[in-house]
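Beneath this line is the structure, given in structure tokens, with notes to follow.
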Amino acid sequence: KIVEISNLNISLIVQNVLSKRIYRPGTHDYYQLSYFTQNGKYFICDNDPMKIEIVDSLNNIYSFNRVKGSLPAVLFVFTSPKEFVCVYEKYFENKNYITKKQTILTVNDHYYPGIHVNTLSEKVFIITHYKFGIDNIAVFYIENEKLISDFNVVLEKLKKEN
């Protein structure tokens, strides 16, 4: 909707407002990543107002998921209910890395009120989609960018084998 509205003939005042950086509200942790929007794009950046370092830009942010307790910081940014990129920092490098776009094949494009990402280990993460209970569980291995889209199916196969 924002893109549609921004493509209309709009006043100079609205154009001026859209050209300003609007930062993600509600966080003041300078050791985490955040984002701002400007001119219809989203920019993932360090959350340090004194030194804005842009990591990547995206056309949309559907869900912004910091992994709690993960050091260095790990961030999963969903651009739709089923597509995401992972931004992370390697120990002692002080540099952010971004994975290629990943797609969870079993999740459709319907609205999901909750996407949660939790740590299984230092390099393995569980992605859970919630909608009236758990709808899908995926597992992502950050080191080689390996995604198991439907972990429930894998578990069912293992049950049948045993």
Side-chain angles (χ1 to χ4, degrees), residues 1-4 6-7 18-49 51-131 134-154:
K1 297 258 182 209
I2 292 172
V3 172
E4 288 175 18
S6 67
N7 287 335
L18 290 175
S19 70
K20 305 278 187 222
R21 286 185 177 180
I22 301 169
Y23 287 88
R24 179 178 186 263
T27 182
H28 301 289
D29 186 351
Y30 295 118
Y31 301 105
Q32 292 286 343
L33 295 166
S34 190
Y35 68 86
F36 64 87
T37 182
Q38 185 176 19
N39 294 322
K41 288 199 70 89
Y42 295 85
F43 298 89
I44 299 170
C45 62
D46 285 326
N47 197 24
D48 183 350
K51 180 188 94 178
I52 303 295
E53 183 179 320
I54 296 173
V55 177
D56 197 13
S57 66
L58 301 167
N59 292 326
N60 183 43
I61 292 182
Y62 177 84
S63 180
F64 190 82
N65 303 82
R66 289 186 180 135
V67 181
K68 292 182 179 164
S70 181
L71 287 175
V74 176
L75 169 69
F76 283 77
V77 181
F78 283 81
T79 56
S80 75
K82 64 182 182 176
E83 293 181 328
F84 70 90
V85 293
C86 178
V87 183
Y88 62 96
E89 182 180 46
K90 291 185 179 178
Y91 281 110
F92 306 116
E93 289 190 25
N94 199 24
K95 179 181 175 191
N96 293 307
Y97 293 89
I98 189 161
T99 66
K100 66 183 182 217
K101 186 180 283 186
Q102 303 290 325
T103 302
I104 299 175
L105 299 174
T106 59
V107 178
N108 57 31
D109 281 324
H110 295 268
Y111 169 74
Y112 282 90
I115 297 175
H116 301 281
V117 181
N118 294 304
T119 304
L120 187 60
S121 73
E122 183 181 313
K123 297 176 184 175
V124 181
F125 300 90
I126 295 176
I127 303 163
T128 310
H129 287 78
Y130 287 98
K131 185 175 184 179
I134 296 172
D135 283 338
N136 188 65
I137 296 174
V139 177
F140 184 67
Y141 183 56
I142 203 169
E143 188 140 301
N144 64 359
E145 299 187 25
K146 176 73 175 157
L147 175 68
I148 300 172
S149 278
D150 193 344
F151 195 61
N152 294 333
V153 170
V154 172

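Since this is a predicted model, take the numbers as computed values, not measurements.
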* To do: Quick one: sort the Phe43 and Phe36 rings into parallel, tilted or perpendicular, breaks at 30° and 60°.
  =>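 If you compare the ring of Phe43 with that of Phe36, the planes turn out parallel.
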* Any idea how Phe76 and Phe84 line up, ring-wise: parallel (<30°), tilted (30 to 60°), or perpendicular (>60°)? ->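 Taking Phe84 first and then Phe76, their aromatic rings sit tilted (interplane angle of 30° to 60°).
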Decide yes or no for [X] and [Y]: does some side-chain heavy atom of the first lie under 4.5 Å from some side-chain heavy atom of the second?
X: Tyr62; Y: Ile115; value: yes
X: Val77; Y: Phe64; value: yes
X: Ile104; Y: Leu147; value: yes
X: Ser80; Y: Asn60; value: no
X: Phe140; Y: Thr99; value: yes

For the atom pair [atom1] ([X]) and [atom2] ([Y]), what is the distance rounded to the nearest 0.5 Å?
X: Ile98; Y: Asp56; atom1: CD1; atom2: CG; answer: 3.5 Å
X: Glu145; Y: Tyr97; atom1: CD; atom2: OH; answer: 12.5 Å
X: Tyr42; Y: Ile44; atom1: OH; atom2: CD1; answer: 12.0 Å
X: Glu83; Y: Thr103; atom1: CD; atom2: OG1; answer: 4.5 Å
X: Tyr141; Y: Leu120; atom1: OH; atom2: CG; answer: 11.5 Å

Could you tell me which non-hydrogen atom of [X] sits nearest to which non-hydrogen atom of [Y], and how far apart they are?
X: Asn65; Y: Ser63; result: OD1-OG, 2.8 Å
X: Val67; Y: Asn118; result: CG1-C, 4.4 Å
X: Cys86; Y: Val74; result: SG-CG1, 3.8 Å
X: Ala138; Y: Ser149; result: CB-O, 3.4 Å

* Asked: With no hydrogens and no angle check, is any side-chain donor or acceptor of Gln38 less than 3.5 Å from a backbone partner on Lys20?
  ->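 Between the backbone of Lys20 and the side chain of Gln38 there is no qualifying donor-acceptor contact (under 3.5 Å).
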* Any sub-3.5 Å donor-acceptor pair from Asn136's side-chain atoms to Ile127's backbone N or O? ->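 No.
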* **Greater than 12 external heavy atoms within 6.0 Å of Lys41's NZ** =>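 Yes - once you tally the heavy atoms of other residues, nucleotides and ligands closer than 6.0 Å, there are more than 12.
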* Asked: Could you walk me through whether Phe125 and Thr119 pass the side chain to side chain contact (heavy atoms under 4.5 Å, CB included) check?
  -> CA-CA 5 Å; Phe125 300 90; Thr119 304; 3.7 Å; yes
* Asked: Should Ser34 and Arg66 be marked as a side chain to side chain contact (heavy atoms under 4.5 Å, CB included) after you check the CA-CA gap, both sets of side-chain angles, and the distance that decides it?
  -> CA-CA 9 Å; Ser34 190; Arg66 289 186 180 135; 3.8 Å; yes
